[in-house]
Amino acid sequence: HYPLRRQRQMCIRDSSTVAAHHFDCRGFPPACPCRLLRDVAYSDYLWREFCMRERHGASLDFSESVLGSFSHPDAQPIQKSPALTRQPSAASGLPWRDVYRTTTESLALTLCIDTGRGYAKYGLAKAGTPSMLQICQPNAECSQETLFPMVLRRLGLRRAQLADYSAIVSEPFAFASCAGRRHRNAWRANVESKLLQVYGMRRLAIVDSASLCLFSHQLTTGVVVNIGFGRTFIVPVLAGSIVRSAVLDVNLSGMELTQTMAELLHRAGHDLSLTPATDGDRPIPPVTVARNVKELGIEVFPTSLEAHLGTSPYMARSVLNRSDAPVKDVYVGSRKFSLGWERFLCAETIFLDDGSAGIDHGPIHRAVLAAIDATVRAVDEGEVEDVGSRDKALRDELLKRVVLSGGSAAIAGLPERLGYELDRLVRQPAAASSPSAAPTAPVAPADAMLDVRPVTCGAVTIYPCLLYTSDAADEEDS
């Protein structure tokens with residue numbers, strides 16, 4: 001037999017080879033005459049390696065700042081002999097082999113549903129990407145009332161099978177604030193009644209959407225900015241719990257951006273009438289064409305468009321008539337749209353201050369900072385549990401954990417511009433006395449729509465929106 005140290009090294013270094021030749025992927029060792037291979041097959045080191053490679057149990061076993069990282073002491077293999085161990089080694093109290101097997105089985109039998117006002121995403125947890133249903137008009141595929149039966153039908157699940165399945169349903173952002181408590185409780189009761197009593201599913205977990213957005217970036221504390229189909233919600237979360245008194249509802253939406261783009265395209269002389277080439281197909285509604293053009297061509301200018309152009313973006317006619325527009329061609333079907341300043345004007349509305357009273361009508365960066373300051377006050381006043389940071393330290397921490405969510409939050413250049421505007425807002429007192437304190441304009445990566453790396457601008461870090469879709473033109477709210 002190999003010495004114990006040599007056996008541990010082999011388990012970690014050659015785990016894939018050992019697995020391929022000596023036992024199947026479900027974790028059951030074969031009838032092997034060699035005791036060494038049997039010991040390796042049960043090795044806690046080996047199964048921890050498998051869990052690390054495939055991220056098994058990451059979101060189930062670990063807490064703040066270590067979700068999916070496997071760097072926490074609870075994630076380390078036991079220090080005793082790895083052979084034939086039955087002692088708990090993961091934070092869940094299970095050997096790593098059991099964690100792998102349990103999570104593999106649960107992924108195949110867990111249904112995930114993320115419902116919004118415009119679109120719903122669904123699929124089994126084992127799927128690489130979710131499927132999508134359109135709820136908004138025109139051409140809605142289902143309604144909020146018919147969403148669950150439609151999802152089950154699309155997945156081919158019969159009622160007799162549902163007793164073996166569990167479900168994870170995301171709670172809509174609209175219920176995040178204190179004002180939404182009554183509607184939140186009614187919605188939860190309705191979901192529980194349908195899935196547990198009517199359909200007889202095994203188990204149900206309802207998780208708020210803001211926490212799930214943070215989990216996707218391995219965070220449990222931060223500020224989620226969701227630009228949804230109907231509204232924008234800014235939701236602060238501390239240690240996995242929403243600070244409901246600090247949630248802000250902003251009058252900005254993907255639907256509003258689509259309508260703005262339709263108006264700008266019309267002013268720029270684009271024809272939005274489009275009929276599919278296939279005989280018998282109905283003409284595509286102009287608003288759908290405008291939405292697809294928006295998803296394919298809209299961009300956020302790195303700095304203030306007013307400062308760059310020397311005129312207010314509200315003066316759309318004079319801006320659209322400029323001859324220095326950077327042109328970008330996008331295609332909807334076979335139709336080509338050559339976009340100039342209109343692709344920047346549409347996104348600029350996110351950062352424009354129209355002079356309306358109230359933060360819910362102001363630019364998005366001011367609303368984000370207002371939500372962060374409200375969170376700091378809530379901690380100082382004892383409304384929420386102390387998380388170890390207070391005052392400026394907590395404010396700085398939240399500024400470094402701003403997470404974007406929603407299909408319209410995937411606009412190219414948005415993370416960079418939001419970071420720039422927030423950093424400038426935070427630096428305002430210092431910038432007034434010291435010109436050197438002014439922030440520098442960020443530079444968006446070439447493939448900003450596809451880049452998911454955090455964007456840092458001074459004291460601010462923005463986590464881009466993660467879109468699991470293969471066709472941006474079909475996505476409005478993710």
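All figures in this text were calculated on a predicted structure; none of them were measured in a lab. One is the number of the first residue; the rest follow in order along the sequence. Just the heavy atoms: all of them, side chains too, but no hydrogens, waters or symmetry mates, feed the values below.
- Formation of a donor-acceptor pair under 3.5 Å by the Asp114 side chain with backbone atoms of Ser170 is not found in this model.
- Taking the six-membered ring for Trp and thresholds of 30 and 60 degrees, Phe175 and Trp187 have ring planes inclined between 30 and 60 degrees apart.
- Side chain of Thr288 to backbone of Ile284: no donor-acceptor contact under 3.5 angstrom is found.
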Distance-only criterion, 3.5 Å: show the donor-acceptor pairs between side-chain atoms of residues 369-380 and protein atoms not counting sequence neighbours.
unit_1: Asp373; atom_1: OD1; unit_2: Arg395; atom_2: NE; d: 2.8
unit_1: Thr375; atom_1: OG1; unit_2: Ala371; atom_2: O; d: 2.8

Task: Check against salt bridge (Lys or Arg N to Asp or Glu O under 4.0 Å), Arg417 and Glu299 - done: CA-CA 10 Å; Arg417 176 67 180 277; Glu299 291 185 41; over 6 Å; no
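- Contact between Arg343 and Gly297 at its shortest, heavy atoms only, is CB-O, 3.4 Å.
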- [ ] Run the numbers on Ile298 and Phe344 for side chain to side chain contact (heavy atoms under 4.5 Å, CB included), then give the verdict.
- [x] CA-CA 6 Å; Ile298 189 173; Phe344 295 107; over 6 Å; no
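- Between Asp396 and Lys392 there is a salt bridge, with a side-chain nitrogen of the basic residue lying less than 4.0 Å from a carboxylate oxygen of the acidic one.
- For the pair Pro302 and Tyr420, the tightest heavy-atom approach, listed with the atom from each and the gap, is O-CD2, 3.9 Å.
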TODO: Would you sort out whether Val223 and Val235 count as a side chain to side chain contact (heavy atoms under 4.5 Å, CB included), showing the intermediate values?
DONE: CA-CA 6 Å; Val223 180; Val235 185; over 6 Å; no
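- Of all the heavy atoms in Cys346 and Leu264, the pair that sits closest is N-CD1, 3.6 Å.
- Ile135 approaches Ala120 most closely through the heavy-atom pair CD1-CB, 3.8 Å.
- Distance alone, capped at 3.5 Å, places no donor-acceptor pair between the Arg203 side chain and the Leu196 backbone.
- Partners of Arg181 under the salt bridge (charged side-chain N to carboxylate O under 4.0 Å, His left out) rule, at least two apart in sequence or in another chain, do not exist in this structure.
- By the 4.5 Å heavy-atom criterion applied to side chains, Thr110 and Tyr165 are not counted as neighbours.
- A donor-acceptor distance shorter than 3.5 angstrom exists from the side chain of Ser209 to the backbone of Glu171, with no hydrogens or angles considered.
- A donor-acceptor pair shorter than 3.5 Å cannot be found between the side chains of Thr221 and Glu397.
- Under a 3.5 Å cut-off, the side chain of Arg244 and the backbone N or O of Ala176 do form a donor-acceptor pair.
- Checked against Thr258 for a side chain to side chain donor-acceptor pair (under 3.5 Å), the options Arg291, Lys294, Glu295 give a single hit: Lys294.
- Ionic pairing of Arg267 and Glu263 is present here: one or more N-O contacts between side-chain nitrogen and carboxylate oxygen are shorter than 4.0 angstrom.
- Atom CG of Leu305 is separated from atom CG of Leu352 by 8.5 Å, given to the nearest 0.5 angstrom.
- With hydrogens and angles disregarded, no donor-acceptor distance shorter than 3.5 Å links the side chain of Arg202 to the backbone of Ser166.
- Glu342 contributes a side-chain N or O that, together with a main-chain N or O of Gly340, makes up a donor-acceptor pair within less than 3.5 Å.
- With sequence neighbours excluded, no residue forms a salt bridge (charged side-chain N to carboxylate O under 4.0 Å, His left out) with Arg153.
- Side-chain atoms of Thr232 never come within 3.5 Å of backbone atoms of Val250 as a donor-acceptor pair (strictly under, hydrogens ignored).
- Each of Ile227, Val225, Ile462 was compared with Leu414 under the side-chain contact (heavy atoms from CB on, under 4.5 Å) criterion, and only Ile227 meets it.
- When only modelled atom types and interatomic distance are considered, Asn190 and Ser193 share no side-chain donor-acceptor pair under 3.5 Å.
- Between Phe337 and His270, the ring-plane angle classifies as tilted under the 30° and 60° cut-offs.
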